[in-house]
Amino acid sequence: MNTPVEGFSKLTKAEKIEWIARNYTKDPDASKQLLERYWNPEEQVQKLHDEFIENTLSNYYLPFAIAPNFLINEKLYAIPMAIEESSVVAAASKAAKFWLNRGGFKTTVLGTEKVGQVHFIYSGNPNKLDSFFQNLKPALIKSVSSITQNMEKRGGGIKDIQLRNFDEKIPGYHQLHCTFETLDAMGANFINSCLEQFAKTLQEQAQSYPEFTSEEKQIEVVMSILSNYVPNCLVKAEVSCHISNLKEEGIPGEVFARKMKRAVDIAKAEPYRAVTHNKGIMNGIDAVVLATGNDFRAVEAGIHAYAAKDGQYSSLTNAHIEDDIFKFWIEVPLALGTVGGLTSLHPLVKLALEILQEPTAKELMQIVAVAGLAQNFAALRSLVTTGIQKGHMKMHLLNMLNQMGATESEKKQLVTYFKDHTVTNASVKEALERIQSR
Ligand code: MEV
């Protein structure tokens, strides 16, 4: 029976490893060795990673890969992706190559507005709160001038502050709903610092507002925090071509175009399919977001909320056929940064941004949206033609062989063999046993 631990964070790394291995693992020595095996041999690099978070014991690797040949607005990119799922990078590369010869991807940033809110309770006369807010607004902006001055010099800062009344939902509940331009920074720290100061200023100013009764002066701030829902930090990526250029797997272009459109329409109409459809999009989006050191949880939360903005969870991509032109596009909210956070700290993130030719946040939004669109195109293309398993199991073959303990030479032989045989768990096992018994 394990017992709670006191002061775990104060232990040294070796002591933490010892404690977890002894108390929670079956073979403590093997567990200790495993954790140490994943340390970086360069002390400085390991220290850097240790200090990203608390109670670090080791590193957790994800493959870092490249999907080349992405033509975006006439510029060629090789896109770094960090992801564990086999076939995602292969699918992205395949989609990139497909569109490379058909005009490439076109993208537009539709907005870059970030959002933050001060949530507070005021149960007095709403008209008085409205009048108070008119005077308050300039005071709020002034109160954060030391935080915003650098951002303003670069063209960013606070865009607007609105008073919003949600009294009908929760008695007394109001918000300062604030919008920001944070340029190349994701902006979480900037926004949260502004919001916490707004909250203080709100309470202080209420105390000295002569029209408020003594009760009305007691504004209760519940919390001040940015919102990861950023429907006006939006990017669009699209591809299009004549349907005759879409001939696939022996299927005529117009049939393939219709099948693709129908697949998207189904995801538009029905949430069970929409979730999986969008999951495929997130395979591409998350992998680039992670490789470039951005916050994939924030991106996920914001995107899924956007997918449900019309009251039902729906597809993030759209397909349209008009005058024999097939058009396929995505619109996604993406709050990303290319400065600050991990971007200047994690060596691989720095490299990823260098590979992407040091993008601005706006450029990164476009690249990430393209990765999502490409991934969806690749998934639907397989689904409406050969089915997903053919390609997927081929890519998964090495994982299976590694799990079965195949040697390098066995793997080589079997990869060749399965070029024209169906990959299943049983067929791989059988083929491996056949080789091994020779
Ligand atoms: C698998 O990771 C993603 C897919 O399920 C996406 C889709 O069904 O569109 C293939």
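Counting from 1, the numbers follow the sequence of the chain as shown.
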Answer whether the closest heavy-atom distance between the side chains of [X] and [Y] falls below 4.5 Å.
X: Leu140; Y: Leu136; answer: yes
X: Tyr417; Y: Arg434; answer: yes
X: Cys194; Y: Thr148; answer: yes
X: Trp39; Y: Lys13; answer: yes
X: Leu195; Y: Met223; answer: no
X: Asn376; Y: Ile330; answer: no
X: Leu163; Y: Asn165; answer: no
X: Leu48; Y: Asn40; answer: no

Which distance, rounded to the nearest 0.5 Å, do you find between the [atom1] of [X] and the [atom2] of [Y]?
X: Glu430; Y: Ile435; atom1: CD; atom2: CD1; answer: 11.5 Å
X: Gln117; Y: Leu176; atom1: CD; atom2: CG; answer: 9.5 Å
X: Glu410; Y: Gln436; atom1: CD; atom2: CD; answer: 4.5 Å
X: Leu57; Y: Lys16; atom1: CG; atom2: NZ; answer: 7.5 Å
X: Gln366; Y: Ile72; atom1: CD; atom2: CD1; answer: 8.0 Å

Any chance [atom1] of [X] has more than 12 other-residue heavy atoms, nucleotides or ligands included, within less than 6.0 Å?
X: Asn192; atom1: CG; result: yes
X: Tyr38; atom1: OH; result: no
X: Lys47; atom1: NZ; result: no
X: Asp130; atom1: CG; result: yes
X: Lys75; atom1: NZ; result: yes

Problem set entry | Residues Lys268, Asn318; criterion side-chain hydrogen bond (donor to acceptor under 3.5 Å, both in side chains); working and verdict | CA-CA 8 Å; Lys268 285 242 160 257; Asn318 306 276; 2.9 Å; yes
Given 3.5 Å as the limit, does a donor-acceptor pair link the side chain of [X] with the main chain of [Y], or not?
X: Asn278; Y: Leu316; result: yes
X: Asn294; Y: Gly337; result: yes
X: Thr360; Y: Glu363; result: yes

Closest contact, heavy atoms only, [X] versus [Y]:
X: Gly116; Y: Phe180; answer: N-CE1, 3.9 Å
X: Gln149; Y: Ser146; answer: CG-O, 4.0 Å
X: Leu234; Y: Pro333; answer: CD1-N, 3.5 Å
X: Ser31; Y: Thr25; answer: OG-OG1, 2.9 Å
X: Pro271; Y: Gln312; answer: CD-NE2, 3.7 Å
X: Ile161; Y: Cys178; answer: CG2-SG, 3.9 Å

Exercise. Quick one: do the Asn402 and Lys411 side chains pair a donor with an acceptor below 3.5 Å?
Worked result: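 A pair is found: one side chain offers a donor N or O, the other an acceptor, under 3.5 Å apart.
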May I have the list of side-chain donor-acceptor pairs in residues 78-100 shorter than 3.5 Å, sequence neighbours left out?
unit_1, atom_1, unit_2, atom_2, d
Glu85, OE1, Lys279, NZ, 2.8
Ser87, OG, His392, ND1, 3.2
Ser93, OG, Val89, O, 2.8

For this session: Mind telling me whether Trp19 and Tyr24 have parallel, tilted or perpendicular rings, with 30° and 60° as the class edges?
Result: tilted
Problem set entry | Parallel, tilted or perpendicular: ring planes of Phe418 versus His421, cut at 30 and 60 degrees | perpendicular
Exercise. What side-chain hydrogen bond (donor to acceptor under 3.5 Å, both in side chains) pairs are there with at least one residue in residues 337-355, not counting sequence neighbours?
Worked result: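 Qualifying pairs, neighbours excluded: His49-His346.
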Problem set entry | Within residues 54-67 or reaching into it, pairs that qualify as side-chain hydrogen bond (donor to acceptor under 3.5 Å, both in side chains) - sequence neighbours excluded |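 Matches after skipping sequence neighbours: Gln46-Asn59.
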For this session: Show the numbers, then the answer: is there a side-chain contact (heavy atoms from CB on, under 4.5 Å) between His277 and Ile281?
Result: CA-CA 7 Å; His277 177 97; Ile281 294 170; 4.0 Å; yes
List, one per line, each side-chain donor-acceptor pair under 3.5 Å for residues 197-207, sequence neighbours excluded.
unit_1, atom_1, unit_2, atom_2, d
Gln197, NE2, Thr201, OG1, 3.1
Thr201, OG1, Ser143, OG, 3.0
Thr201, OG1, Gln197, O, 2.9
Gln203, NE2, Ile219, O, 3.0
Gln207, NE2, Gln218, OE1, 3.4

Looking at residues at least two apart in the chain, or sitting in another chain, which of them share a side-chain hydrogen bond (donor to acceptor under 3.5 Å, both in side chains) with [X]?
X: Glu18; result: Arg22, Lys32
X: Asn135; result: none
X: Lys412; result: none
X: Asp160; result: Lys137

For this session: Take Cys233 and Met365 through the test side-chain contact (heavy atoms from CB on, under 4.5 Å) and record every step on the way to the result.
Result: CA-CA 9 Å; Cys233 189; Met365 286 168 78; 4.0 Å; yes
Exercise. Does Phe132 have its ring centroid less than 6.0 Å away from the ring centroid of Tyr122?
Worked result: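 No - the distance between ring centres of Phe132 and Tyr122 does not fall below the 6.0 Å cut-off.
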For this session: Not counting sequence neighbours, which residues clear side-chain contact (heavy atoms from CB on, under 4.5 Å) with Thr108? List them please.
Result: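 In terms of side-chain contact (heavy atoms from CB on, under 4.5 Å), with neighbours along the sequence ignored, Thr108 is linked to Leu110.
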For this session: Could you pull out all residues at least two apart from Gln33 that satisfy side-chain contact (heavy atoms from CB on, under 4.5 Å)?
Result: none
Exercise. Residues two or more places apart in sequence or in another chain: which of them pass salt bridge (Lys or Arg N to Asp or Glu O under 4.0 Å) with Glu74?
Worked result: Lys106
For this session: Check the pair Asp286, Leu290 against side-chain contact (heavy atoms from CB on, under 4.5 Å), reporting the backbone distance first and the verdict last.
Result: CA-CA 6 Å; Asp286 279 344; Leu290 208 52; 5.8 Å; no
For this session: For Asn150 and Arg154, run side-chain contact (heavy atoms from CB on, under 4.5 Å): C-alpha distance rounded to whole Å, both residues' side-chain angles, the deciding distance at 0.1 Å, then the answer.
Result: CA-CA 7 Å; Asn150 278 342; Arg154 286 180 274 129; 4.3 Å; yes
Ignoring hydrogens and angles, write down the donor-acceptor pairs under 3.5 Å from the side chains of residues 301-309, residues two or more places apart or on other chains.
unit_1, atom_1, unit_2, atom_2, d
His304, ND1, Tyr313, OH, 2.7
His304, NE2, Glu300, OE1, 2.7
Tyr306, OH, Glu331, OE1, 3.1

